[in-house]
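So you know, we letter chains A, B, ... as the sequences are listed, proteins then strands, and number each from 1.
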Number of protein chains: 2
Amino acid sequence: MQANIQTDAIDAKILTALGEDGRRSYAEVGADVGLSTAAVHERVKKMLERGVIRRFSISVDPHTVGLNFTAFVAIRNDGGAHCRDIAPRLRELPSVQELHSVAGEYDLLAKVRTPHARDLEAVLLQIKAIPGVARTTSTVVLNTEFEDQPLRLPGA
Amino acid sequence: MQANIQTDAIDAKILTALGEDGRRSYAEVGADVGLSTAAVHERVKKMLERGVIRRFSISVDPHTVGLNFTAFVAIRNDGGAHCRDIAPRLRELPSVQELHSVAGEYDLLAKVRTPHARDLEAVLLQIKAIPGVARTTSTVVLNTEFEDQPLRLPGA
DNA sequence: AATGAAAAGTAATTCCA
DNA sequence: TGGAATTACTTTTCATT
């Protein structure tokens with residue numbers, strides 16, 4: 001019993017195909033999944049409407065655009081502070097690429113990317129300046145083994 | 001002095017435009033950045049060749065395809081084990097979406113996504129079965145505030 | 001929902017500056 | 001390296017099943 005699944009096996013195949021190459025034509029995708037061009041078009045349109053596909057995009061290698069440093073910053077709140085007050089402030093920081101509220105010793109976990117390790121200090125100062133943030137602990141990434149992999153869905 | 005930057009300000013604008021909508025036509029992007037269709041085409045082609053753009057893709061909402069649970073799993077190696085031996089094994093696990101070698105108490109940090117919280121147990125067993133893995137600590141994601149944001153580059 | 005075919009729009013190619 | 005024009009392809013729409 002899995003909730004929220006809004007796709008069937010054909011949709012999964014389409015998502016996998018477009019995840020590998022978002023510019024493949026509907027005709028080509030259709031040949032792969034056994035559907036006409038128009039049918040693929042219709043399904044993609046509906047998946048966009050339902051929010052299954054958030055957007056078409058590109059995968060960019062961070063190092064090639066000067067983002068050479070990555071760290072995970074765990075954030076603990078003050079007693080009264082709520083994640084929902086702090087999260088919007090963290091979203092404003094361009095170095096914070098990803099934010100999750102988490103269970104455990106810390107309340108939030110941020111993925112931070114900067115040009116250089118030395119830039120983390122300034123980001124931490126910005127984070128600590130947000131009302132409700134009590135303390136942070138940073139885990140420095142030495143090497144990203146893999147990330148941003150094309151989506152792989154079972155049954156696709 | 002920033003190393004590895006392979007893009008100029010116009011490339012940055014192109015990457016930002018395609019990061020927001022990977023299907024915008026080259027003509028449209030060209031109008032935005034002040035270049036002809038062919039010039040944009042040429043620059044995109046070169047960025048693909050240089051590996052700046054890894055691929056065209058789509059952003060999919062994990063919940064809509066049944067991936068409702070996320071956790072970060074920190075992994076510690078045995079004394080003699082190397083990340084480069086363990087990483088390929090973790091890549092084989094479809095639930096492991098992202099893997100970084102990190103500094104600190106643990107050696108690797110994996111982002112794991114499964115249909116349900118209960119599925120984490122099986123993934124942890126698979127991870128612990130990899131030779132060289134000594135122990136793991138999991139941080140459960142309660143809510144993803146944001147992730148998968150369109151790329152924003154300074155000067156774009 | 002899916003198909004096939006026509007119309008509209010876009011991209012790749014070629015060549016010129 | 002960038003722009004213009006041609007050719008080829010892809011998307012989109014629509015009538016039909």
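- Judged as a side chain to side chain contact (heavy atoms under 4.5 Å, CB included), and not counting sequence neighbours, the contacts of Ser95(A) are Val112(A), Thr114(A), Val123(A).
- Applying a 4.0 Å cut-off to non-hydrogen atoms, none of the residues of residues 13-21 of chain A approaches DNA chain D.
- Applying the side-chain hydrogen bond (donor to acceptor under 3.5 Å, both in side chains) definition to pairs two or more places apart or across chains, those involving residues 146-156 of chain A are Glu20(A)-Arg152(A), Ser59(A)-Asp148(A), Lys111(A)-Glu147(A), Arg113(A)-Glu147(A), Asp148(A)-Arg54(B).
- Partners of Ile10(B) according to the side chain to side chain contact (heavy atoms under 4.5 Å, CB included) rule, which considers only residues two or more places apart in sequence or in another chain, are Asp8(B), Ile14(B), Val33(B), Leu35(B), Arg43(B).
- Other cluster members for Leu125(B): none, since no ILVMFWY side-chain heavy atom sits under 4.5 Å from it.
- Every residue was checked against the salt bridge (charged side-chain N to carboxylate O under 4.0 Å, His left out) condition with Lys128(B), not counting sequence neighbours, and none meets it.
- Contacts of Arg135(A) classified as side chain to side chain contact (heavy atoms under 4.5 Å, CB included), with partners at least two apart in sequence or in another chain: Arg76(A), Tyr106(A), Thr137(A).
- Think of the region where chain B sits on DNA chain C: with heavy atoms and a 4.0 Å cut, that region ends 5' and 3' at dT10(C) to dT13(C).
- In the hydrophobic clustering, Val141(A) connects to Phe72(A), Val102(A), Leu109(A), Phe72(B), Val102(B), Leu109(B), Val141(B), either directly or through intervening members, whenever side-chain heavy atoms lie under 4.5 Å apart.
- Applying the salt bridge (charged side-chain N to carboxylate O under 4.0 Å, His left out) criterion to Lys45(B), with sequence neighbours excluded, gives no partner residue.
- In DNA chain C, stems built from 3 or more consecutive Watson-Crick or G-U wobble pairs, each with both distances under 3.5 Å, span C:1-6 with D:12-17, C:8-17 with D:1-10.
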Any chance you could list the contact pattern along nucleotides 11-17 of chain D? Use B for base contacts, S for sugar-phosphate-only contacts and - for none, protein heavy atoms under 4.0 Å, 5' to 3'.
-> BBB----
